[in-house]
Amino acid sequence: MKLHEIAHSRTGDKGDISNISLIVYDEKHYELVKEQVTAEAVKEFLKDIVKGEVVRYELPNLHSLNFVMGKALGGGVTRSLAIDMHGKSLSSAFLEFEIELDK
Amino acid sequence: MRTIRIGAGAGYAGDRLEPALDLMEKGNLDYIMFECLAERTISIAQQQKLKDPTKGYNNLLEHRMVKVLPLSKKNNVKVITNMGAANPISAAKKIKEIAQNLGVTGLKIAAVIGDDVTSKIENYLDLPTIETGEKLSTIRDSIVSANAYIGAEGIVEALRNGADVVVTGRVADPALAIAPLIYEFGWSFEDYSLLGAGTVVGHLLECGAQVSGGYFADPGYKDVPELWNVGFPIAEVNENGEVIIEKLLDAGGVVSKDTIKEQILYEIHDPANYLTPNVICDITELTIEEIGKDRVLVKGAKGKEKTGLFKTSIGYKDCYIGEGEMSYGGSGAYERAKLAGEVVKKRLELIKAPIQELRIDYIGVNSLYKETLGSQIDPKELNEVRLRVAGRTEKREDAVLIGNEVEALYTNGPAGGGGARSGVKEIVSILSVLIPSEDVTIEVIYEEV
């Protein structure tokens with residue numbers, strides 16, 4: 001199933017760095033996404049867009065993960081050639097990520 | 001326990017005004033903050049100021065203040081905003097003029113200055129930029145502005161001196177909220193736990209409706225009642241820094257655990273170390289609790305001593321971007337759009353257009369995600385595709401060539417292209433350096449009516 005079914009997300013931008021939050025609707029899914037949505041997996045999933053390192057921060061208090069992705073915005077918001085120069089729509093791409101619920 | 005109510009009046013330079021006026025009328029507010037300054041906005045404002053020394057503040061300042069000042073006076077709501085952009089002094093004079101025209105009297109307007117360190121740029125040329133690691137000297141001749149993200153000090157001073165309206169240039173966004181809390185509750189600039197809590201308040205308010213149902217709706221998953229009428233948020237803060245986020249009951253939107261979580265993580269990197277001029281904020285022990293309809297209690301923020309460095313945005317003339325677009329429809333639309341893209345690329349090569357970087361998008365297929373999700377879509381099913389070609393050049397005349405070649409697809413490209421559009425943008429980009437906070441002298445200048 002897609003992440004979209006159990007979680008939501010918002011993208012933020014600073015320079016050429018994009019951060020994507022991953023927030024599960026139901027707290028019981030936090031451990032599951034923590035296990036399956038690793039920094040490596042996200043880097044692989046978004047490899048056409050994210051050219052730099054992906055760092056994952058865990059926020060068990062908010063049942064959320066925060067992914068900070070370098071070289072993700074085509075050289076930076078102010079100079080990117082992309083239509084969506086802020087990478088605002090990356091959160092929707094991210095929620096297409098496939099996870100296994102009963103793993 | 002005493003509480004202070006701060007409303008959000010704007011979350012970006014061009015934000016809607018009606019929800020702000022609703023809050024000032026019905027929100028029982030003590031303060032309203034208008035956050036209107038993105039990273040690049042101040043650099044563009046600096047250029048406006050160079051052309052006309054009386055300009056360089058937010059373009060909507062007058063539009064907003066004509067409505068805001070009477071409500072501020074009537075309901076005793078103090079206004080804090082970074083709409084001064086590159087020219088807080090002229091903004092304050094403009095606000096005074098507007099007040100006079102409206103017949104609003106007994107108003108003290110404060111301009112906070114000191115963030116503009118452009119004149120000291122020679123001292124910083126050896127500093128590495130945060131984004132590239134290269135020395136600032138590599139862009140020396142292109143630099144147009146340098147503005148430090150200053151803290152809450154100037155705004156606090158203005159409030160202590162009785163200001164009703166405080167207008168700043170570049171300040172850290174949360175400072176717009178921390179300042180009234182420091183002033184009202186007598187918080188110390190060394191009490192980092194409280195400043196951490198204040199940072200959370202500012203961070204939750206600084207994007208306006210983004211915490212109250214704006215930029216949140218996803219029908220069937222995250223439904224937002226009456227999004228068309230979304231209200232701006234109110235923060236009710238007590239002297240311990242605990243905050244309740246809410247909205248007007250008759251406004252659209254929603255305030256929930258989930259809207260708070262999305263906004264608290266927005267533009268945050270390391271959640272234990274969110275760097276601001278006044279404090280290093282830590283949200284790893286934050287708790288969020290729904291305590292009523294559209295009322296959420298947020299507490300548990302922590303803070304550590306500030307770094308003593310100010311992030312400083314360096315605006316520089318970077319390049320030009322030329323663009324052209326054309327639509328293709330019906331059967332084979334994607335094939336024809338791809339053919340058109342190849343044609344434009346080859347023709348730009350033929351005329352030896354000096355393009356540093358070229359990007360060809362098929363809007364409806366891959367303009368947002370390149371191949372990441374593109375492979376999951378069958379383009380044959382598309383009713384229409386829009387070709388977009390964008391290229392970076394050093395000179396304006398070269399950027400024009402890109403749009404010209406796209407437009408030439410009308411008579412020289414694949415069948416059925418329509419709706420050509422083209423344009424050229426001058427790009428002022430931003431790089432950042434860290435400068436010692438001692439380099440910045442904050443001053444407050446007053447106007448009265």
Side-chain angles (χ1 to χ4, degrees), chain A residues 4-25 27 44-50 55 57-71 74-97, chain B residues 38-40 43 129-132 207 210 215-216 218 221-222 257-258 260-272 283-288 300 315-316 318-319 321 323 325 357-359 361 363 366-374 376 388-392 427-432:
Chain A
H4 190 205
E5 300 298 323
I6 61 165
H8 56 115
S9 172
R10 180 173 288 176
T11 317
D13 59 276
K14 278 203 200 302
D16 203 14
I17 299 172
S18 173
N19 85 289
I20 301 193
S21 58
L22 182 65
I23 305 158
V24 292
Y25 290 109
E27 296 174 3
E44 174 62 24
F45 186 70
L46 295 174
K47 66 183 174 193
D48 298 321
I49 297 162
V50 178
V55 178
Y57 295 98
E58 297 169 12
L59 291 105
N61 57 320
L62 305 182
H63 303 96
S64 304
L65 299 171
N66 187 34
F67 296 87
V68 179
M69 313 185 297
K71 297 186 182 145
V77 173
T78 53
R79 73 190 313 264
S80 168
L81 290 183
I83 276 190
D84 176 11
M85 60 280 197
H86 301 90
K88 296 266 186 193
S89 63
L90 287 179
S91 54
S92 302
F94 184 34
L95 294 179
E96 295 288 313
F97 187 95
Chain B
E39 222 179 9
R40 177 162 56 175
S43 198
T129 72
I130 295 173
E131 291 83 358
T132 65
C207 294
Q210 273 200 178
Y215 214 65
F216 184 77
D218 185 3
Y221 293 88
K222 295 183 293 177
K257 278 174 89 160
D258 286 335
I260 301 280
K261 286 179 185 175
E262 276 200 23
Q263 184 55 26
I264 197 68
L265 291 172
Y266 178 70
E267 292 186 339
I268 293 277
H269 292 172
D270 179 352
I283 59 164
T284 55
E285 289 177 30
L286 207 67
T287 63
I288 298 171
Y316 68 102
D318 183 353
C319 58
I321 292 179
E323 274 183 273
E325 292 183 11
E357 184 186 353
L358 189 75
R359 173 175 172 130
D361 292 319
I363 297 173
N366 68 359
S367 71
L368 296 176
Y369 305 138
K370 297 189 180 170
E371 302 311 314
T372 296
L373 295 175
Q376 297 173 29
R388 172 178 178 266
V389 182
R392 189 188 315 287
I427 302 298
V428 174
S429 290
I430 295 288
L431 287 168
S432 314

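Proteins come first, then strands; the chains are lettered A, B, ... in the order of their sequence lines, and each starts at number 1.
The most heavy-atom pairs under 4.5 Å with chain B, out of A/S21, A/S18, A/A82, come from A/A82. Per-residue heavy-atom pair counts under 4.5 Å with chain B were compared for A/E58, A/H8, A/E5, and the maximum is reached by A/H8. The residue among B/S429, B/A38, B/S43 with the most heavy atom pairs within less than 4.5 Å of chain A is B/S429. Considering only heavy-atom pairs separated by less than 4.5 Å from chain A, the leading option among B/L265, B/I260, B/I430 is B/L265. Contact count against chain B (heavy-atom pairs under 4.5 Å) is highest for A/S89 among A/S89, A/S9, A/G15, A/S91. For the options A/I20, A/D84, A/N66, A/L90, heavy-atom pairs under 4.5 Å to chain B are most numerous at A/N66. The candidate with the highest count of non-hydrogen atom pairs below 4.5 Å against chain A, out of B/D270, B/L368, B/D361, B/L286, is B/D270. Looking only at heavy-atom pairs under 4.5 Å with chain A, the residue among B/D218, B/I130, B/I264 that has the most is B/D218.
For chain A, the nearby part of B/I363 is the side chain; its heavy atoms alone come within less than 4.5 Å. The contact between B/D258 and chain A is made by backbone and side chain atoms together, counting heavy-atom distances below 4.5 Å. Contacts between A/L46 and chain B at a heavy-atom distance below 4.5 Å involve backbone atoms as well as side-chain atoms. Only the side chain of B/I427 has a heavy atom closer than 4.5 Å to any heavy atom of chain A. In this structure, chain A has heavy atoms under 4.5 Å from both the backbone and the side chain of B/I283. Interface remark: A/L59 contributes side-chain atoms only to the contact with chain B (heavy atom separation under 4.5 Å). When heavy atoms are compared at a cutoff of 4.5 Å, A/K88 approaches chain B by way of both its backbone and its side chain. Heavy atoms closer than 4.5 Å to chain A are found in both the backbone and the side chain of B/R359. With a 4.5 angstrom heavy-atom cutoff, B/I321 touches chain A only via side-chain atoms. Using a 4.5 Å cut-off between heavy atoms, B/E285 contacts chain A through its backbone alone, with no side-chain atom that close. When heavy atoms are compared at a cutoff of 4.5 Å, B/Q263 approaches chain A by way of both its backbone and its side chain.
Distance check, rounded to the nearest 0.5 Å: CG of A/N61 to CD1 of B/I288 gives 7.5 Å. Summarising the geometry, atom CD1 belonging to A/I83 is positioned 7.5 Å from atom CD belonging to B/E323; distances are rounded to the nearest 0.5 Å. The distance from atom CD of B/E371 to atom NZ of A/K47, rounded to the nearest 0.5 Å, is 11.0 Å.
Closest approach of A/N19 and B/I268 over heavy atoms only: ND2-O, 3.2 Å. Of all non-hydrogen atoms in B/Y266 and A/G12, the two that sit nearest each other are CE1-CA, 3.7 Å. Taking both residues in full, the closest heavy atoms of B/G391 and A/L81 are given as C-CD2, 3.9 Å, listed atom of the first, atom of the second, then distance. Smallest separation of non-hydrogen atoms from A/R10 and B/Q210: NH1-O, 2.9 Å.
In terms of modelled atom types and a separation under 3.5 Å, the side chain of B/R392 and the main chain of A/R79 share a donor-acceptor contact.
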Discussion item. Is there a side-chain contact (heavy atoms from CB on, under 4.5 Å) between A/I49 and B/Y369? Walk through the geometry before answering.
Written reply: CA-CA 7 Å; A/I49 297 162; B/Y369 305 138; 4.2 Å; yes

Item to complete: Apply side-chain contact (heavy atoms from CB on, under 4.5 Å) to A/T78 and B/V428, showing your working.
Response: CA-CA 7 Å; A/T78 53; B/V428 174; over 6 Å; no

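Looking at A/D16 and B/E131, their side chains never come closer than 4.5 Å, going by heavy atoms from C-beta outward. Inter-residue side-chain proximity for B/E39 and A/V77 is flagged as unmet; no heavy-atom pair is nearer than 4.5 Å.
Ring centroid separation for the pair B/Y221 and A/H4 comes in under the 6.0 Å cut-off.
The environment of NZ in B/K222 is crowded: more than 12 heavy-atom neighbours from other residues, nucleotides or ligands sit within 6.0 Å.
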